[in-house]
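Throughout, a chain's letter reflects where its sequence line sits, starting with A, and its residues are numbered from 1. Side-chain atoms are counted along with the backbone in the values below, which use heavy atoms only and exclude waters and symmetry mates.
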Number of protein chains: 2
Amino acid sequence: MKAAPEREVDRSVSQTVKAQLALRDQILSGALRPGERISELQAVETTGASRTPVRMALVRLEEEGLLEAIPSGGFMVKAFSERDISDSIELRGTLEGLAARFAAERGVSARELEPLKECLAAIDELLRQVPISIESFSSYVALNARFHALLTELSRSPPLVRQIDRASALPFASPSGFVMAQSALPEAQQILIIGQEHHRVVIDAIENREGARAEAVMREHARLAVRNLRLALRNRTHLDLLPALALIKTATD
Amino acid sequence: MKAAPEREVDRSVSQTVKAQLALRDQILSGALRPGERISELQAVETTGASRTPVRMALVRLEEEGLLEAIPSGGFMVKAFSERDISDSIELRGTLEGLAARFAAERGVSARELEPLKECLAAIDELLRQVPISIESFSSYVALNARFHALLTELSRSPPLVRQIDRASALPFASPSGFVMAQSALPEAQQILIIGQEHHRVVIDAIENREGARAEAVMREHARLAVRNLRLALRNRTHLDLLPALALIKTATD
DNA sequence: CTTTCCTATATTGTATACATAACGCATACA
DNA sequence: TGTATGCGTTATGTATACAATATAGGAAAG
């Protein structure tokens with residue numbers, strides 16, 4: 001007879017997934033500072049999983065780009081420069097531009113565009129109230145992420161979708177990420193409206209099968225987001241709203 | 001006293017890396033067919049590593065895109081459609097286009113362009129002999145890969161470099177991959193020369209800080225490669241040269 | 001007082017044992 | 001004869017034990 005296990009296991013999801021989610025949350029919430037070495041034993045304690053699934057999760061997070069392997073062994077939380085983030089946003093916009101081009105060139109039925117338009121309308125509805133409340137802003141973030149995900153899917157290109165997912169793994173490279181960065185700024189309202197205009201144009205371009213125009217507007221969309229992130233980083237008034245900002249190493253670090 | 005271990009361990013590289021390289025080789029060499037489930041125990045036998053490093057390697061290969069997780073557990077070798085591959089090439093070209101644009105816009109010193117030009121000249125030298133021998137063709141592949149890697153680095157953008165590396169992990173999405181696909185074709189010679197012309201243009205554009213032109217030529221470069229892959233797949237005369245072609249599922253599969 | 005070396009401790013890399021779930025096969029019943 | 005169910009085997013998911021290395025701290029010597 002073995003000793004009764006102290007650890008209570010949640011069998012509904014795999015331990016590996018549980019550990020991965022828990023660790024990612026710890027990183028993005030700022031509980032683990034960038035540059036900090038992640039102790040496996042500590043991760044075992046906090047996640048409740050055993051060392052093997054924890055290690056698998058660490059490997060996945062490294063591939064995701066949130067962790068960095070230490071040559072002597074183990075992993076540390078990755079730190080990003082401001083340019084890293086803006087490059088990531090531009091990169092994502094470029095990929096989404098390609099997705100939009102694929103969608104336009106390959107043709108999309110009206111039925112497939114329907115969910116996109118619903119998203120668009122729902123966001124329009126949200127933006128009608130000025131100023132936007134915190135609650136409706138979080139719905140905006142969700143709707144915006146959904147719009148981008150749907151748009152990506154329209155490309156019908158699994159490799160591209162996969163790559164865009166990877167590019168979105170980095171905080172702030174994802175649409176919800178940079179949108180959130182804008183939230184605390186007074187200019188946010190205007191920016192969101194311009195973003196909606198971009199969304200409208202890309203749908204129109206896809207409908208009319210204008211690949212180049214669809215691509216161009218998504219890249220412009222990303223450039224808007226980059227300018228915006230810069231602005232958001234200048235006045236760091238929203239660090240409490242978005243702890244993941246701590247991942248960005250500033251000049252003082 | 002424990003039994004003497006039969007397994008002889010190679011301590012020069014980590015078991016995880018060894019297993020990853022061995023498994024990738026097995027996949028790309030065609031020893032493991034696409035769709036085939038990878039048995040961990042079998043992998044333990046063939047790689048010489050234990051189950052833990054083998055599992056780590058499997059996770060990494062899944063993130064790399066060569067394996068696919070089976071819902072019920074375990075991994076299988078991923079199969080790619082012809083469109084998956086051509087999309088991957090176009091995707092890579094788009095990313096390299098962005099890299100070239102970054103390089104041009106951010107400025108590159110003459111000293112940094114030197115290795116690129118050396119590469120270019122070396123390839124020119126190789127292409128002088130007609131027809132190209134198999135040996136010099138493999139040097140061409142290496143030089144071409146080096147050129148693309150150097151070009152990527154010029155962007156000075158770690159996130160972009162990382163993403164391009166990821167995109168190159170898929171067979172045939174890498175420059176050496178699609179170049180090899182061309183090797184068995186009679187048109188190869190002409191294509192290589194056009195490719196050199198693209199290389200020349202991109203260097204010139206970067207020197208003159210013409211970001212848009214630099215980007216455009218890299219995307220054109222990728223489109224050439226796509227047309228070429230299609231051609232190569234039509235006459236499947238080179239399956240023996242490039243076993244990884246088996247990863248592409250045809251209509252008959 | 002500083003520097004270097006040695007030792008001890010802690011943490012990672014690896015191996016293996018155990019538990020659980022899935023798949024297949026055989027048998028029985030309809 | 002076909003289908004369904006149950007059992008057995010096999011493989012994966014998880015946990016833990018063991019080994020090796022890196023790091024930090026202390027002691028000794030210059």
Point to revise | Whole angstrom value for the distance that separates P of D:dG13 from CG of B:Leu41 | key: 12 Å
Point to revise | d(CZ, B:Phe75; P, D:dA11) in whole Å | key: 16 Å
Practice item. Return the value, rounded to whole Å, for the distance between atom CD of B:Gln15 and atom C1' of D:dA19. Key: 13 Å
Exercise for review: Measure the distance from CZ on A:Arg37 to P on D:dA22 and round it to the nearest whole Å.
Suggested key: 11 Å
Practice item. Using atom CD of B:Glu40 as one end and atom C1' of C:dA22 as the other, report the distance to the nearest whole Å. Key: 14 Å
Practice item. Using only side-chain N and O atoms of A:Thr16, determine if any of them is under 4.0 Å from OP1 or OP2 of D:dT14. Key: yes
**Study point:** salt_bridge(B:Arg60, B:Glu64) N-O dist < 4.0 Å
**Key:** no
Point to revise | A:Thr16 and A:Val54, any side-chain heavy atoms less than 4.5 Å apart | key: no
Review point. Can B:Arg51 and B:Glu40 be counted as an ion pair, charged N to O under 4.0 angstrom?
Key: yes
Practice item. Look only at the side chain of B:Glu96 and the backbone of B:Gly93, and say whether a donor-acceptor pair between them is shorter than 3.5 Å. Key: no
Exercise for review: Using a strict 4.0 Å threshold on nitrogen-to-oxygen distance, state whether B:Asp87 and A:Arg106 make a salt bridge.
Suggested key: yes
**Study point:** Candidates C:dT12, C:dT14, C:dT16 - which lies nearest the side chain of B:Ser14
**Key:** C:dT14
Check your understanding: How is B:Ser72 classified with respect to the nucleic acid when contacts are heavy atoms under 4.0 Å: base, sugar-phosphate, or nothing?
Key -> sugar-phosphate
**Study point:** Gap between atoms CZ and C1', on B:Arg60 and C:dG13 respectively (whole Å)
**Key:** 13 Å
Review point. Under 4.0 Å between a side-chain N or O of A:Arg55 and OP1 or OP2 of C:dG13?
Key: yes
Exercise for review: Round to a whole Å and report the spacing from CZ of A:Arg51 to P of D:dC18.
Suggested key: 14 Å
Practice item. Can you tell me the distance, in whole Å, between the CD1 atom of A:Ile70 and the C1' atom of C:dT12? Key: 11 Å
Review point. What about B:Ser39: does its side chain form a donor-acceptor pair under 3.5 Å with the base of D:dA11?
Key: no
Review point. If you look at every strand shown and take non-hydrogen atoms under 4.0 Å, does B:Ile38 touch a base, only sugar-phosphate, or nothing?
Key: sugar-phosphate
